[in-house]
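Everything below concerns the one structure shown next.
Model, not experiment: these values are computed from the prediction.
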Amino acid sequence: DVGSQKERVVTEEEWLQKWEMGNIGFHKEQGHPLLQKYMDVLLNGRSGLRIFFPLCGKAVEMKWLADMGHSVVGVEVSEQAVKEFFSEHSLPYCEEPVPEISGAKMFQSTSGNISLYCCSIYDLSSLIVGKFDGVWDRGALVAVNPCDRQRYASLMINLVEKNSSYLLVTVSYDPNKHKGPPFYVPESEIKSLFG
């Protein structure tokens with residue numbers, strides 16, 4: 001039972017305000033231990049992968065994977081978060097508009113192996129960002145409004161290659177005691193969304 005969360009909607013403006021106010025308890029200064037633990041599952045013996053970070057914030061794992069030789073693409077609605085990522089890692093970058101998406105920008109490291117799109121995730125498509133060998137979803141599905149989960153899952157499925165790996169982190173708690181985000185996503189729903 002997802003309790004009272006089913007109707008809950010967090011607006012883009014509320015997410016931007018969280019970044020502006022520094023209310024980003026979801027950001028981890030150290031890489032997430034589950035990514036380190038399951039790195040072999042994500043890579044599956046492969047190198048030079050294209051790895052997608054949905055709702056990436058300023059995740060430190062992006063630099064870590066790029067330093068390992070992978071190409072990292074993220075999407076984040078907060079330009080502040082994107083710029084903080086590059087400045088906190090002392091990474092030079094260039095910024096350019098994304099012609100297919102009104103108002104969107106793409107920030108790319110000058111080395112070319114990290115590209116972060118500043119826009120709504122729902123504005124992306126495989127025609128714009130290509131397809132991915134792996135996805136690290138540490139806080140995206142649980143941040144997506146419950147009413148948008150099907151739309152989100154359909155996009156993710158469209159963005160991955162056939163033999164891709166999708167690492168997903170969720171949280172388990174009584175949804176009647178916390179309004180979210182992070183939202184509670186039962187395992188049964190994950191299976192119905194992603195198969």
Side-chain angles (χ1 to χ4, degrees), residues 10 12 15-16 18-20 24-32 34-36 38-39 42-43 48-101 103-144 148 151-161 164-170 181-182:
V10 181
E12 193 172 289
W15 284 111
L16 292 172
K18 285 178 185 290
W19 281 100
E20 287 167 23
I24 55 169
F26 47 83
H27 174 70
K28 303 269 185 248
E29 290 295 336
Q30 309 301 318
H32 199 289
L34 288 174
L35 179 58
Q36 294 170 10
Y38 293 101
M39 181 61 76
L42 181 65
L43 302 181
L49 300 184
R50 291 191 82 234
I51 301 174
F52 186 56
F53 279 68
L55 313 185
C56 64
K58 57 180 183 174
V60 297
E61 297 93 337
M62 294 188 290
K63 174 143 185 347
W64 186 49
L65 285 163
D67 287 347
M68 292 171 58
H70 304 288
S71 176
V72 171
V73 176
V75 62
E76 171 57 50
V77 74
S78 169
E79 186 170 325
Q80 176 183 337
V82 171
K83 288 181 173 177
E84 284 179 12
F85 168 79
F86 286 107
S87 68
E88 289 173 10
H89 294 285
S90 303
L91 288 172
Y93 66 91
C94 58
E95 173 184 331
E96 57 189 58
V98 181
E100 303 90 340
I101 306 170
K105 296 178 185 175
M106 195 259 289
F107 296 79
Q108 187 171 51
S109 61
T110 52
S111 58
N113 60 349
I114 301 174
S115 303
L116 305 183
Y117 288 80
C118 186
C119 61
S120 164
I121 191 166
Y122 303 115
D123 289 335
L124 293 183
S125 72
S126 59
L127 296 173
I128 298 169
V129 295
K131 296 249 185 184
F132 298 96
D133 305 302
V135 176
W136 171 236
D137 185 336
R138 197 276 297 175
L141 180 65
V142 296
V144 167
D148 292 327
R151 181 181 181 197
Y152 173 83
S154 297
L155 174 63
M156 291 297 104
I157 291 165
N158 182 262
L159 290 179
V160 295
E161 297 284 5
S164 64
S165 300
Y166 195 112
L167 291 187
L168 171 66
V169 178
T170 61

Would you say that [X] contacts [Y] through its side chain, given a criterion of any heavy-atom pair below 4.5 Å between the two side chains?
| X | Y | result |
| --- | --- | --- |
| F53 | L65 | yes |
| V144 | L55 | yes |
| Y117 | D123 | no |
| S109 | F85 | no |
| D148 | Y122 | yes |
| I114 | F86 | yes |

As an exercise, state the distance from [atom1] of [X] to [atom2] of [Y], rounded to the nearest 0.5 Å.
| X | Y | atom1 | atom2 | answer |
| --- | --- | --- | --- | --- |
| C56 | R138 | SG | CZ | 11.5 Å |
| W15 | E20 | CH2 | CD | 14.0 Å |
| K18 | S78 | NZ | OG | 12.5 Å |
| F132 | N158 | CZ | CG | 10.5 Å |
| I101 | S120 | CD1 | OG | 8.5 Å |
| H32 | L167 | NE2 | CG | 11.0 Å |

Of all heavy-atom pairs between [X] and [Y], which one has the smallest distance, and what is that distance?
| X | Y | result |
| --- | --- | --- |
| E79 | E95 | OE2-OE2, 4.4 Å |
| G130 | L159 | O-CD2, 3.9 Å |
| I24 | K58 | CD1-CE, 3.9 Å |
| S115 | Q108 | OG-NE2, 3.0 Å |
| W136 | I51 | N-CG2, 4.5 Å |
| L155 | S125 | CD1-CA, 4.5 Å |

Check your understanding: Which residues satisfy the side-chain contact (heavy atoms from CB on, under 4.5 Å) test with V160, sequence neighbours excluded?
Key ->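 Here the qualifying residues are V135, S164.
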
**Study point:** Verdict with supporting geometry, L127 and E100, side-chain contact (heavy atoms from CB on, under 4.5 Å)
**Key:** CA-CA 9 Å; L127 296 173; E100 303 90 340; over 6 Å; no

Determine whether a donor-acceptor pair (N or O, by modelled atom type, separation under 3.5 Å) exists between the side chain of [X] and the backbone of [Y].
| X | Y | value |
| --- | --- | --- |
| D137 | A140 | yes |
| K105 | C119 | no |
| E76 | G57 | yes |

Practice item. For the pair W64 and L35, evaluate side-chain contact (heavy atoms from CB on, under 4.5 Å) and give the outcome as yes or no after the intermediate values. Key: CA-CA 11 Å; W64 186 49; L35 179 58; 3.7 Å; yes

Check your understanding: If you count the non-hydrogen atoms of other residues, nucleotides and ligands that lie under 6.0 Å from CZ in F26, is the total more than 12?
Key -> yes

Practice item. Before giving the answer on side-chain contact (heavy atoms from CB on, under 4.5 Å), spell out for V129 and M106 the whole-Å C-alpha distance, their side-chain angles and the decisive distance to 0.1 Å. Key: CA-CA 10 Å; V129 295; M106 195 259 289; over 6 Å; no

Practice item. Verify side-chain contact (heavy atoms from CB on, under 4.5 Å) between M156 and L141, making sure each step is shown before the conclusion. Key: CA-CA 10 Å; M156 291 297 104; L141 180 65; over 6 Å; no

